[in-house]
There are 2 protein chains.
Amino acid sequence: MQTDDPRSDRTPTLADVARLASVSTATVSRCLNSPDRVIEDTRNKVMKAVRELGYAPNFNARALAAKRTNTIGAIIPTMENAIFARGLQAFQEELGRNGITMLVASSSYQSDLEEEQIRTLVSRGADGLLLIGYRRDPRIYEFLKRQGVPVVIAWGYDPKAQVPTVGFDNFAAMKSLAGKVIGMGHRRIATITASTHDNDRASERLAGILAAMVEAGIPETDLSIVETTYGIDEGGAALEHLMTLPDRPSVVMCGNDVLAVGVIAKAQELGLNVPADLSVTGFDDIEIAKISSPPLTTVHVPHRRMGKEAARLLINLVGSDRPNGKVLIETSLQMRESLTEYAD
Amino acid sequence: MQTDDPRSDRTPTLADVARLASVSTATVSRCLNSPDRVIEDTRNKVMKAVRELGYAPNFNARALAAKRTNTIGAIIPTMENAIFARGLQAFQEELGRNGITMLVASSSYQSDLEEEQIRTLVSRGADGLLLIGYRRDPRIYEFLKRQGVPVVIAWGYDPKAQVPTVGFDNFAAMKSLAGKVIGMGHRRIATITASTHDNDRASERLAGILAAMVEAGIPETDLSIVETTYGIDEGGAALEHLMTLPDRPSVVMCGNDVLAVGVIAKAQELGLNVPADLSVTGFDDIEIAKISSPPLTTVHVPHRRMGKEAARLLINLVGSDRPNGKVLIETSLQMRESLTEYAD
DNA sequence: ACCTGCTATGCAAGCGCTTACATTGATCGG
DNA sequence: CCGATCAATGTAAGCGCTTGCATAGCAGGT
C-alpha cells in the first residue's frame with residue numbers, strides 16, 4: 001500500500017513543495033532562483049512549504065537541468081604543507097564573494113593523478129578550473145577546451161603559454177636571490193629541490209640559480225643538486241647527504257621554505273651554526289619562515305593577492321569566451337638572518 | 001540547419017557513444033559500470049567509441065539516476081594550518097583505496113558557515129560526512145538523519161554522544177599534560193586557547209588543565225586564560241598580553257602547536273629564554289613541534305591513524321544502517337625541551 | 001523437435017530539476 | 001467597452017544517465 005504523504009521518509013522534492021503550496025513546480029523553482037519573478041504572496045506560500053518540509057534542492061538535478069553549477073575546481077599538488085593554503089584561501093574567499101563554491105582536490109605531485117582529478121572535476125560539472133603550474137600533457141588542455149571548461153594557471157608564469165595565467169616568474173625570483181647569495185661571497189652552493197621532472201616551478205627555480213652562477217662566472221657544475229620530495233624531514237635528510245660530500249657547501253638554497261626549515265633544524269642537530277657555518281635560503285615566505293630560528297631569508301610571494309587575482313580572472317572567463325588573460329605577480333627578496341656573508 | 005554529426009562541439013553523451021558503437025545506451029552504461037555483464041566483443045566496440053569521442057560521463061546525471069555518488073564530504077575548521085592536514089590526508093587515502101572521492105570544505109571555525117557547508121555537501125549528494133567535534137545544533141543531526149546521510153565525528157570524543165565517532169579524549173590528554181607541568185613545580189600557569197564557545201576540543205582541553213590544577217590543590221582562579229584564534233601571530237600577541245599581567249606565568253600551555261610556536265618566537269623576541277624563563281607546551285604534535293627551537297613539549301595525536309579509522313567507519317556506515325560505532329584513539333605525551341622544571 | 005534456462009542486449013521509465021513557451025487575467029489607452 | 005500589453009503562473013519537454021523488465025538467441029536435456 002503506497003502513500004502519497006509528503007511526510008514519508010523520502011527526502012522532499014520540488015514537486016512535494018509545489019503540491020503543498022498549491023502551485024506548479026516552475027513557480028517553486030522561480031522562487032528559489034529568481035524570487036523577483038514571483039509575486040510576494042505566492043513566494044511566502046512557497047517559502048512556508050519549503051520550511052515545513054525541510055526541503056533542500058538536489059544539486060545534481062539542478063546542475064543537469066541548468067548546465068552550470070556555480071562551482072569551480074582547484075587542483076593543488078598537496079594540502080600537507082602550507083605552501084598553497086594561503087593562496088587557496090584567498091581564492092576561495094573571492095569566489096565566495098561571487099556566490100561560487102570551490103572544490104579542491106590534491107594530486108600529490110603526480111601528473112597522472114592530476115589528470116584523473118581534472119576529469120573528475122569536469123565531469124562533476126565544474127564551471128572552471130584552477131591548476132598549479134603550466135607544464136602538463138597538451139592533450140589535457142585540448143580536453144578542457146573541447147569540454148569548454150576555462151582554466152587558470154597559478155604559481156607559475158610562462159609568457160609563451162597560451163593559457164590564462166596568474167603567477168610569478170620563478171626563474172627570475174630565484175635568480176635574483178642566487179645573485180644576492182653570490183654577491184655575499186658564497187661559491188660552494190648547494191640546492192635542494194623538488195623533482196624537476198614535471199614541476200615547472202622547481203625546474204625554473206633551479207635554472208635561476210644556474211643562470212646567476214653563470215653570470216658570475218661560476219661553472220654550472222659547481223652546483224650540488226639534491227632532488228627530494230617537499231617535506232621537513234626530507235629537507236633534513238637531503239642536508240645529511242650534502243654533508244657527506246667532499247666539498248661541503250657554504251650555503252644551501254632550498255626550493256621552498258618547508259625544505260629550508262628542515263635543513264636548519266637538521267643543521268643544528270648536526271652541531272652546525274646557522275648562518276655562521278651554513279647559510280640557508282627558502283622560497284615562498286610562508287609563516288614558518290618568520291618564526292624559524294634563525295629567521296629564514298626567502299623569496300616573498302604575495303600568495304593572497306595571487307589567489308584573489310586568479311579567482312577574478314576565472315570568474316571573468318566563465319561564460320565569456322574571451323580567449324586569454326595574464327597577470328604577473330611580483331615577488332620580492334625577504335632578507336633575514338639565515339643568510340649571511342661568506343666568511344672563509 | 002542542424003547536424004547530427006557527433007563530432008559537433010557539443011560534449012559527447014552516452015547516446016553519442018551508443019550510436020557510434022551501434023548499441024543501446026543501456027549497453028554502454030553497463031560497459032562503464034559493470035563490464036563483466038557485457039560480452040567482450042561488444043565491450044571493445046564500445047570502448048573504442050568512447051575513446052574516439054573522448055567521452056566522459058556526466059557525474060550529475062549519473063548521481064541523479066543512480067542515487068549515490070561514491071563521494072563523501074569532509075568539513076574541517078581550517079585549511080590554513082597543518083592541524084587537520086595529516087589526518088585528512090590519511091582519510092582521503094583510505095577512501096581512495098575504496099574508490100571513493102573526498103570533497104573538502106572549510107568552515108573557518110564558524111558554525112553557521114559549517115551548517116551551510118553541510119547542506120551544500122548533502123545536496124551535492126555526499127554519501128556520508130566527516131565532521132570535526134561533536135558540539136553543534138541538534139537540528140543538524142536531525143537534518144542529516146532525515147536525509148539518511150551517515151556522519152562520523154573526529155578529533156573529539158564524547159562517550160555520551162549518539163553519533164559514530166573516531167577521536168581522542170581532549171580532556172584527559174590535556175589533564176595529563178597539565179599534571180606533568182604541575183609536577184615539575186609550575187604554579188603560575190597561563191593558557192592560550194581557541195574560543196571555547198562552540199569548540200568542544202578547546203573547551204575540553206581547558207577543562208583538563210583546570211581539573212589537574214584542582215587535583216593538585218591549586219585554585220582554578222590562578223589560571224590566566226587568553227582566548228584567541230588559531231595562528232602563529234595570534235599566539236605571539238596573546239603572549240604579549242600575558243606578559244603585561246602583574247603575576248607573570250612560568251609556563252604557557254597552548255591549545256595547539258601553532259599557537260605554541262608563535263609563543264616561543266615572540267618570547268625570544270621579547271628577550272625571554274625558553275624554557276629557562278618561560279616554559280611552553282602545545283597540542284597535536286604536528287611537524288613544526290619537532291623543528292621548533294627549542295623543540296616543543298606537546299600531546300602527540302596519531303592523526304593518520306585517526307583519519308584512516310574514520311574513513312573505515314564511514315565506509316561501513318554508508319549503505320548499512322548500523323546505528324553506531326565508536327573508536328577511541330590514544331594520545332601520548334611528547335616531552336621535549338620547551339618544558340622544564342620550574343626554578344624559582 | 002521442443003521446452004527450459006541461460007545470458008547478452010534493448011526498451012523505456014524515470015531521477016529532480018530548469019526553462020521556453022503557452023495561458024490567463026488584469027490594466028489601460030482610445 | 002474592446003483589443004493590446006504585460007505580469008504571474010502553468011505546462012511539459014528535456015538535461016544525461018541507470019536499471020527493472022522484456023526480448024531474443026542459443027545450448028543442452030529429453
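Every chain is numbered from 1 and lettered A, B, ... according to where its sequence line falls, protein lines coming before strand lines. Atom set for the values below is all heavy atoms of this structure, side chains included, hydrogens, waters and symmetry mates excluded.
Put simply, the side chain of B/V152 does not reach to within 4.5 Å of the side chain of B/L131, judged on heavy atoms. Here the side chains of A/E115 and A/F143 are not in contact, with every heavy-atom distance at 4.5 Å or above.
Heavy-atom distances under 4.0 Å link DNA chain C to B/A26, B/T27, B/R30 of residues 26-34 of chain B, given in residue order. If you check residues 57-69 of chain B against DNA chain C, the residues with a heavy atom closer than 4.0 Å are B/L64, B/A65, B/K67, listed by number.
Rounding to the nearest 0.5 angstrom, the gap separating the CG atom in B/D198 from the CD atom in B/E114 is 9.0 Å. In this structure, CZ in B/R62 is found 9.0 Å from CZ in B/R68, a value given to the nearest 0.5 Å. In this structure, CD1 in A/I315 is found 9.5 Å from CZ in A/R97, a value given to the nearest 0.5 Å. Going from atom CH2 of A/W155 over to atom NE2 of A/H303 covers 5.5 Å, rounded to the nearest 0.5 Å.
For the pair B/R19 CZ and D/dC17 P, the interatomic distance rounds to 12 Å; values are reported in whole Å. For the pair B/R43 CZ and C/dT7 C1', the computed distance is 14 Å after rounding to whole Å. The interatomic distance linking A/D16 (CG) with C/dG16 (C1') rounds to 10 Å, in whole Å. In this entry the distance linking CD of B/E40 with P of C/dT7 reads 18 Å, nearest Å. The nearest whole Å value for the distance from the CD atom in B/Q147 to the P atom in C/dG16 is 12 Å. As rounded to whole Å, 12 Å separates atom P of C/dT9 from atom CG of B/D36. The distance between atom CZ of B/R124 and atom P of C/dG16, rounded to the nearest whole Å, is 18 Å.
Between A/R124 and A/T69, the side chains place no donor N or O within less than 3.5 Å of an acceptor N or O (distance only, hydrogens not considered).
The terminal axes of the helix from C/dA1-D/dT30 to C/dG30-D/dC1, fitted over 5 pairs per end, subtend an angle of 50° to the nearest 10°.
Residue B/S24 places at least one side-chain N or O closer than 4.0 Å to OP1 or OP2 of C/dG10. The phosphate of D/dT18 (OP1 or OP2) has no side-chain N or O of B/T25 nearer than 4.0 angstrom.
Residue A/L14 is classed as a base contact, given a heavy-atom separation below 4.0 Å to a base.
Between A/Y109 and A/Y230, the ring planes are perpendicular. Angles over 60° get that label, and only those under 30° would be called parallel.
Under a cut-off of 6.0 angstrom, the local environment of CD in A/Q110 is crowded, with over 12 non-hydrogen atoms contributed by other residues, nucleotides or ligands.
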Check your understanding: What do the steps show when you test B/F59 against A/V122 for side chain to side chain contact (heavy atoms under 4.5 Å, CB included), and what is the final call?
Key -> CA-CA 9 Å; B/F59 174 88; A/V122 167; over 6 Å; no

* Full working for side chain to side chain contact (heavy atoms under 4.5 Å, CB included) between A/M79 and A/F84 -> CA-CA 7 Å; A/M79 320 209 305; A/F84 301 105; over 6 Å; no

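Ranking C/dT9, D/dT18, D/dA12 by closeness to the B/R37 side chain, first place goes to C/dT9.
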